[in-house]
Amino acid sequence: MEKLLLLGDEAIAQAAIDAGLSGIFGYPGTPSTEITEYIQESKEAKEKGIRSNWGANEKTAMEAALGMSYAGKRAMFTCKHVGMNVAADPFMNSAITGANGGLVYIAADDPSMHSSQDEQDSRFFGDWAMIPILEPSNQQEAYDMVHYAFDLSEEFHIPVMIRITTRLAHSRAGVVRRNTQREQNPVKLHENPKQFILLPAIARKQYKELMAKQEGLMNASATKGFNQYIDGDNKKIGIIACGLSFNYLMENYSDRKCPYPVLKIVQYPMPETMVNKLYEECDSVLVLEEGQPLFERLLRGMLNKGKKVMGRLDGSIPRDGELNPALVGKALGLPVSQGLPVPSIVAARPPKLCDGCPHIDSYAAINEAMLEYGVGKVFSDIGCYTLGALPPYNAIYSTVDMGASITMAKGAADAGLLPAVAVIGDSTFTHSGMTGLLDCVVDNTPVTVMILDNEITGMTGSQKSSATGRVEAICAGIGVDPAHIRVLNPLKKFHQENLQVVKEELAYQGVSVIIPRRDCIVAANKKRKAAKAE
Amino acid sequence: MKIDIILCGVGGMGALSTAAIISQAALDMGMYMKQAETHGMSQRGGDVQSHLRLSDKEIASDLIPEGQCDIILSVEPMEALRYLPFLNREEGWVITNENPFINISNYPEKDVVLAEVRKVKNSIVFDADKIARESGNPKGTNMVVLGAASKYLKIDIEKLEKAISDIFSRKGEAVVAANISALRAGREVADKM
């Protein structure tokens with residue numbers, strides 16, 4: 001058996017290839033990006049004809065995955081946690097239609113917000129939609145669980161979510177690969193021709209079927225063997241350890257033997273029989289969840305009148321942020337080793353725009369043009385250019401979600417805050433800025449939309465952008481007057497003329513789009529190095 | 001036997017490639033390993049770090065527990081200080097390049113930073129950039145630091161060299177040779193101390 005050194009993300013991708021995947025669909029987002037990238041770069045995946053291009057956004061990607069499953073083949077969808085919000089519409093409804101070919105959704109959460117705007121826990125989505133969730137605690141489990149997820153999906157005709165977090169996604173370990181690989185499914189329609197039509201009359205019936213599947217799913221959680229009840233002599237505390245938290249618990253015991261009974265949970269729905277056994281046998285319960293206290297809250301109940309339940313809600317574990325061995329050790333009252341304090345001279349080193357980044361020149365033009373209007377009128381978006389929030393630029397007033405710059409600028413303009421400027425990247429624009437631009441065109445809102453086009457998805461590490469070569473045509477197609485679609489070259493030597501263009505468009509009382517276009521410096525350097533190597 | 005290492009620096013300085021080399025060598029030796037690293041926004045000139053854990057037994061946590069790190073290996077001196085809460089204060093080593101990478105306006109005085117590093121019980125602070133240049137590989141600072149650390153890594157230097165050649169082979173023989181010579185130059189520094 002072959003042992004590979006893989007990131008958690010890569011283990012998932014390799015497993016999907018081995019489990020007979022026909023297509024992977026997603027939009028880049030840390031910490032999920034490397035799953036799709038691995039398949040895009042895999043020779044094997046190419047030979048097997050696995051489709052792997054990026055989607056325009058998470059919604060389009062999930063819907064395409066759904067279509068592939070309806071056609072009978074195995075499909076995988078990947079996104080970061082906030083991508084689940086974008087895909088929420090197809091996600092919730094796909095639980096009701098059910099799946100045909102195995103359908104697996106990977107949601108990669110980012111507790112502690114290493115590279116995100118929130119730390120929402122995707123298990124809430126899975127629980128809400130009533131689909132099974134797998135939460136691998138290590139890379140090998142991630143590899144094995146992908147195979148199981150496709151089986152479970154095909155057995156119960158239901159999409160299955162695999163929830164990972166940054167620490168697994170971006171941590172490498174040896175993974176034993178299976179010797180046998182599964183063939184892809186042929187195209188095969190579902191036996192019920194109405195299965196996937198969510199007319200109310202059908203949806204009501206399908207929804208009842210979804211509820212009827214729950215008992216079988218819970219039974220699978222209790223019997224499949226991924227969830228484990230590990231007994232211990234000391235019944236003062238029973239510990240429910242979900243996903244990665246199991247590792248942090250075990251790290252506190254050098255012999256890997258915890259004196260308390262431990263219920264390791266990596267498959268949901270939470271198996272009631274196992275939870276009940278732990279609750280009955282122990283005086284109190286400690287719930288360890290990497291993320292938000294979903295099951296701790298359920299177990300404790302609104303009135304909290306049962307046995308003592310410890311976790312994030314009673315302060316045994318901090319309410320927010322990623323777990324680690326010390327936090328778990330402290331919750332159990334164990335002695336925790338300490339290193340040296342960080343000397344007070346150590347300064348923070350926040351991320352910043354790279355030297356030579358085109359966004360630097362774009363912000364120089366924006367900031368100078370906005371001088372006469374005052375601060376608070378530039379709305380931004382999700383990408384490297386969000387760093388325009390930091391010194392020396394201090395250029396932007398808000399950043400909320402993908403595509404929101406354009407619509408926030410619109411709302412501010414509607415409120416009378418003028419001139420209203422949106423700063424958005426090319427990939428974020430095709431992700432979900434286009435529809436907002438249409439709203440502006442329909443209302444003829446006076447907004448200036450700066451689409452910083454570096455012809456790549458930059459922040460996540462140079463993925464292909466769906467916008468490349470299409471930005472002007474899209475804007476004109478949406479109805480922006482071509483006279484107010486202006487393309488700039490964001491270089492220092494063109495600063496004066498770029499500034500002039502920005503000033504002109506700020507003065508225009510309608511929709512204008514300015515497109516500063518220059519290669520992402522990281523991508524350009526990569527290209528140059530690759531060319532040199534050849 | 002276990003060895004826990006934190007590799008750190010600033011995005012783009014090669015801390016993550018160093019981690020990949022040690023991992024590859026450890027796997028080659030049949031050791032268990034886990035290596036957690038930072039991707040995404042922090043790679044844009046921010047601080048980057050990797051927790052690398054090697055053991056002859058199965059490893060539980062992807063993160064090194066505070067106070068248990070054996071080696072902090074850094075290509076930048078202030079970054080080495082950032083992770084001191086993880087260092088085993090009695091037996092742990094800090095091995096770092098002495099030259100600051102200054103991309104912030106409030107970077108402290110170099111002498112103050114180096115004095116803080118030298119307060120740690122076991123430390124090697126040296127001009128790895130200079131040794132990299134002298135070895136003919138001015139971009140090989142991370143390899144020089146790795147070479148110096150190899151004395152304490154419990155991994156044979158030959159294994160590291162093999163890993164370098166595996167990992168950099170796509171980039172051509174010249175790149176492999178330049179990195180190996182930087183590695184050896186770094187090792188010489190540690191041997192002379």
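So that the names make sense, note that chain A is the first sequence line, chain B the second, and so on, each numbered from 1.
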* Asked: With respect to chain B, which residue among A:P350, A:P341, A:G29, A:S116 yields the maximal number of heavy-atom pairs within a distance under 4.5 Å?
  -> A:P350

Taking every non-hydrogen pair under 4.5 Å, which of [options] racks up the most with chain A?
{"options": "B:M33, B:E90, B:K119, B:R82", "value": "B:R82"}
{"options": "B:A36, B:C69, B:P85", "value": "B:P85"}
{"options": "B:L52, B:N103, B:L27", "value": "B:N103"}
{"options": "B:I59, B:L87, B:I64, B:V175", "value": "B:L87"}

* **Side chain to side chain, B:L63 and A:E322, heavy atoms closer than 4.5 Å** => yes

* Asked: Under a 4.5 Å heavy-atom cut-off, does chain B meet the side chain of A:I521, its backbone, both or neither?
  -> neither

* Verify, without hydrogens or angle tests, whether A:Q338 (side chain) and B:G67 (backbone) share a donor-acceptor contact under 3.5 angstrom. => no

* Quick one: does A:S337's side chain have a donor or acceptor within less than 3.5 Å of a partner on B:P65's backbone? -> no

* To do: May I ask you to list the residues in residues 141-162 of chain B that approach chain A closer than 4.5 angstrom, counting heavy atoms only, ordered by number?
  => none

Atom group of [X] that falls short of 4.5 Å from chain A, counting heavy atoms:
{"X": "B:Q24", "value": "both"}
{"X": "B:L81", "value": "both"}
{"X": "B:N88", "value": "neither"}

* **Where B:A60 and A:N247 come nearest, the two heavy atoms and their spacing** => O-CB, 3.1 Å

* Please step through side chain to side chain contact (heavy atoms under 4.5 Å, CB included) for the pair A:L5 and B:S23, ending with a clear verdict. => CA-CA 8 Å; A:L5 181 60; B:S23 305; 3.8 Å; yes

* To do: Report the C-alpha separation of A:Q139 and B:D62 in whole Å, then their side-chain angles, then the decisive distance to 0.1 Å, and conclude whether the side chain to side chain contact (heavy atoms under 4.5 Å, CB included) test is met.
  => CA-CA 10 Å; A:Q139 292 78 358; B:D62 295 82; 3.3 Å; yes

* Run the numbers on B:Q35 and A:L7 for side chain to side chain contact (heavy atoms under 4.5 Å, CB included), then give the verdict. => CA-CA 8 Å; B:Q35 183 228 327; A:L7 292 176; over 6 Å; no

* Step by step, would you call B:E37 with A:R172 a side chain to side chain contact (heavy atoms under 4.5 Å, CB included)? -> CA-CA 8 Å; B:E37 60 191 37; A:R172 253 183 212 94; 3.0 Å; yes

